[in-house]
Amino acid sequence: MAYETRDTKNISRISEALLRWYDANARVLPWRVAPHLRKAGQKPDPYAVWLSEIMLQQTTVASVAPRFFRFLERWPDVAAMAAAEADDVLGEWAGLGYYARARNLHKCAGIVADEHGGKFPCTEDALKMLPGIGDYTAAAIAAIAFGQPAVVVDGNIERIVARLFAIDKPLPGAKALIKERAGAIWPQQRCGDFAQGLMDLGAGVCRPKAPKCSACPLAGHCAAHRLDLVEDFPVKPAKKPKPLRKGAVFALVNAKGEVLFERRPEKGLLGGMFCLPGSPWAEKVSESPAHAPATAKWRRVGEVTHIFTHFHLTLGVNIAKAPKGFRRGRKQQWIAPKLARVPTVMKKALDLALKDRGI
DNA sequence: CATCCGTGGCT
DNA sequence: TAGCCAAGGAT
């Protein structure tokens with residue numbers, strides 16, 4: 001019992017210190033209701049919280065912010081997004097990466113509109129049933145949008161907790177232990193603010209490299225700091241080298257200056273996105289025009305390189321005018337280059353193909 | 001539990 | 001330059 005009493009006091013000290021820090025240092029973010037406005041009674045919009053959390057998965061605030069505004073402007077609420085064409089959502093997402101998020105975003109909007117009366121469910125379990133919403137996102141929405149006592153663990157909070165308790169078990173095996181420890185310091189009130197405060201702390205103070213412990217409100221509670229081993233936590237496994245893959249793409253241009261694109265299969269890399277037609281990508285691959293969309297006078301203009309999550313890619317880029325009588329396939333589309341909403345690797349290839357043509 | 005899935009910025 | 005990293009989820 002004596003230990004429980006001491007622990008309880010220590011826990012409340014941690015959450016109080018963090019919340020005090022958050023009140024004074026909260027970042028101003030487009031999707032966030034500032035602490036003082038929250039206290040004045042302003043409620044966050046669950047739709048905006050959901051949209052921001054999906055966009056922020058493995059993606060930086062700087063990349064998300066302009067896209068968040070654009071999405072909110074075009075689809076102000078879940079009903080609007082549910083009514084949108086999937087292709088428009090994918091197009092608006094182009095360049096943001098992890099395109100399954102965009103497909104699931106649209107699916108999720110449809111489910112919320114059709115099966116939940118246009119209102120997001122407020123419990124973690126119900127949220128987790130929706131496509132694109134996993135452990136983290138369900139907890140984040142429940143805590144931030146609905147004020148539920150959910151324990152939110154993202155990469156930042158994982159790092160902070162691993163340091164607070166000097167958890168030397170390596171990730172990802174340590175995730176369960178970290179969640180348990182996080183739960184032990186989680187407050188009953190202001191759970192959303194506590195989560196956002198920890199994320200801000202992780203982004204600006206308890207950083208992976210060069211943490212600013214002198215500015216940390218939790219330094220006095222931090223085991224890693226006490227050991228002077230802050231940067232050694234969390235323990236991560238060695239990363240595997242990324243293999244090299246090669247391929248070729250073919251930019252076919254019609255009389256209007258439009259370029260032929262081809263929709264990728266729904267599943268897998270760049271799923272559902274329009275890309276330049278070309279060869280499969282492999283360690284050794286022929287760049288011959290065998291994989292071109294048409295027989296034409298192909299000219300190789302150069303190559304582009306791109307780094308994906310798990311491999312490096314080099315693409316030979318070819319260009320030709322469409323032969324007379326060419327008919328596009330069912331999965332193919334003529335698109336004006338300026339209107340092409342395509343993945344970044346294809347934007348690179350397109351730009352290179354059209355660069356020296358004066359188009 | 002391991003693998004797949006993008007991209008841009010920073011060191 | 002090469003590596004590391006970011007408010008993860010689905011399979």
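Quick note on labels: first sequence line is chain A, next is B, and so on, each numbered from 1. Since we're looking at a predicted model, the values are computed, not measured.
Closest to the side chain of A:Thr344, out of C:dG9, B:dG8, B:dG6, is B:dG8. Checking C:dG9, C:dC5, B:dT7 against every side-chain atom of A:Tyr99, the shortest atom distance belongs to B:dT7. Checking B:dG6, C:dG8, C:dA6 against every side-chain atom of A:Asp154, the shortest atom distance belongs to C:dG8. Closest to the side chain of A:His306, from the set B:dG6, C:dG8, C:dC4, is B:dG6.
Following rounding to the nearest Å, A:Arg101 (CZ) and C:dA10 (P) show an atom-to-atom distance of 12 Å. As rounded to whole Å, 9 Å separates atom C1' of C:dG8 from atom CD1 of A:Ile54. One can place NZ of A:Lys128 at 9 Å from P of C:dG9, the figure rounded to the nearest angstrom. As a whole-Å value, the separation of A:Leu105 CG from C:dA10 P is 12 Å. Rounded to whole angstrom, the span from the NZ atom of A:Lys242 across to the C1' atom of C:dC5 amounts to 10 Å. Across the protein-nucleic acid pair, A:Ile157 atom CD1 and C:dG8 atom C1' stand 13 Å apart, rounded to whole Å. Taking atom CZ of residue A:Arg207 and atom P of nucleotide B:dC10, one finds them 13 Å apart after rounding to whole Å. Rounded to whole Å, atom P of C:dA6 lies 11 Å from atom CD1 of A:Ile160.
A:Gly271 comes within contact range of no nucleotide atom at all, as no heavy-atom separation falls under 4.0 Å. Across all strands shown, A:Leu313 has no heavy atoms under 4.0 Å from either base or sugar-phosphate atoms. Nucleic acid contact class of A:Trp93 (heavy atoms, under 4.0 Å, all strands): none. Within the nucleic acid shown, A:Lys267 comes within 4.0 Å of sugar-phosphate atoms alone, with no base atom in reach, counting heavy atoms only.
At C:dA6, one or more side-chain N or O atoms of A:Arg159 fall inside 4.0 Å of OP1 or OP2 (strictly under the cut-off). Of the side-chain N and O atoms in A:Lys239, one or more sit less than 4.0 angstrom from OP1 or OP2 of C:dC5. Contact between the side-chain N/O atoms of A:Lys236 and the OP1/OP2 oxygens of C:dC4 is not found at any separation under 4.0 Å. For A:Thr137 and C:dG8, the shortest distance from a side-chain N or O to OP1 or OP2 is not below 4.0 Å.
For the ring pair (Phe, Tyr, Trp, His ring centres under 6.0 Å) criterion with A:Phe68, the lone passing option out of A:Trp50, A:Tyr47, A:Trp31 is A:Trp31.
Remark: A:Arg163 is not positioned above the aromatic ring of A:Phe233, lacking an NZ or CZ atom under 6.0 angstrom from the ring centre and at most 45 degrees off the axis.
The closest donor-acceptor contact from the side chain of A:Ser52 to the backbone of A:Ala48 lies under 3.5 Å. Remark: side-chain polar atoms of A:Gln148 are paired, donor with acceptor, to backbone N or O of A:Cys122 under 3.5 angstrom. No donor-acceptor pair closer than 3.5 Å links the side chain of A:Trp75 to the backbone N or O of A:Ala84. Panel note: side chain A:Arg264, backbone A:Leu269; a donor-acceptor pair is recorded below 3.5 Å.
When the P atom is used for both C:dG9 and B:dG8, the distance is 22 Å, rounded to whole Å.
Looking at residues 58-69 of chain A, you'll see A:Gln58, A:Thr59 sit with a heavy atom under 4.0 Å from some atom of DNA chain B.
In the model, A:Ser12 has no side-chain atom that pairs as donor or acceptor with a side-chain atom of A:Ser15 under 3.5 Å. Side chain to side chain, A:Gln196 and A:Arg32 meet the donor-acceptor criterion of an N or O pair below 3.5 Å.
Comparing A:Leu56 and A:Leu130 by the nucleotide of DNA chain C whose heavy atom lies nearest to each, the residue mapping closer to the 5' end is A:Leu56. Residue order along DNA chain C, read from the 5' end via each residue's closest nucleotide, puts A:His312 first among A:His312 and A:Gln196.
Enclosure of atom NZ in A:Lys347 is not indicated, since only 12 or fewer non-hydrogen atoms of other residues, nucleotides or ligands lie within 6.0 angstrom. By the 6.0 Å contact criterion, CD on A:Glu266 is enclosed, its count of non-hydrogen atoms from other residues, nucleotides or ligands being greater than 12.
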Using atom names, set out every protein N or O paired with an N or O of nucleotides 1-4 of chain B below 3.5 Å, distance rounded to 0.1 Å.
| unit_1 | atom_1 | unit_2 | atom_2 | d |
| --- | --- | --- | --- | --- |
| B:dT3 | OP1 | A:Lys240 | NZ | 2.7 |
| B:dT3 | OP2 | A:Lys240 | NZ | 2.9 |

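Ring-centre distance between A:Phe308 and A:His310: not below the 6.0 Å cut-off.
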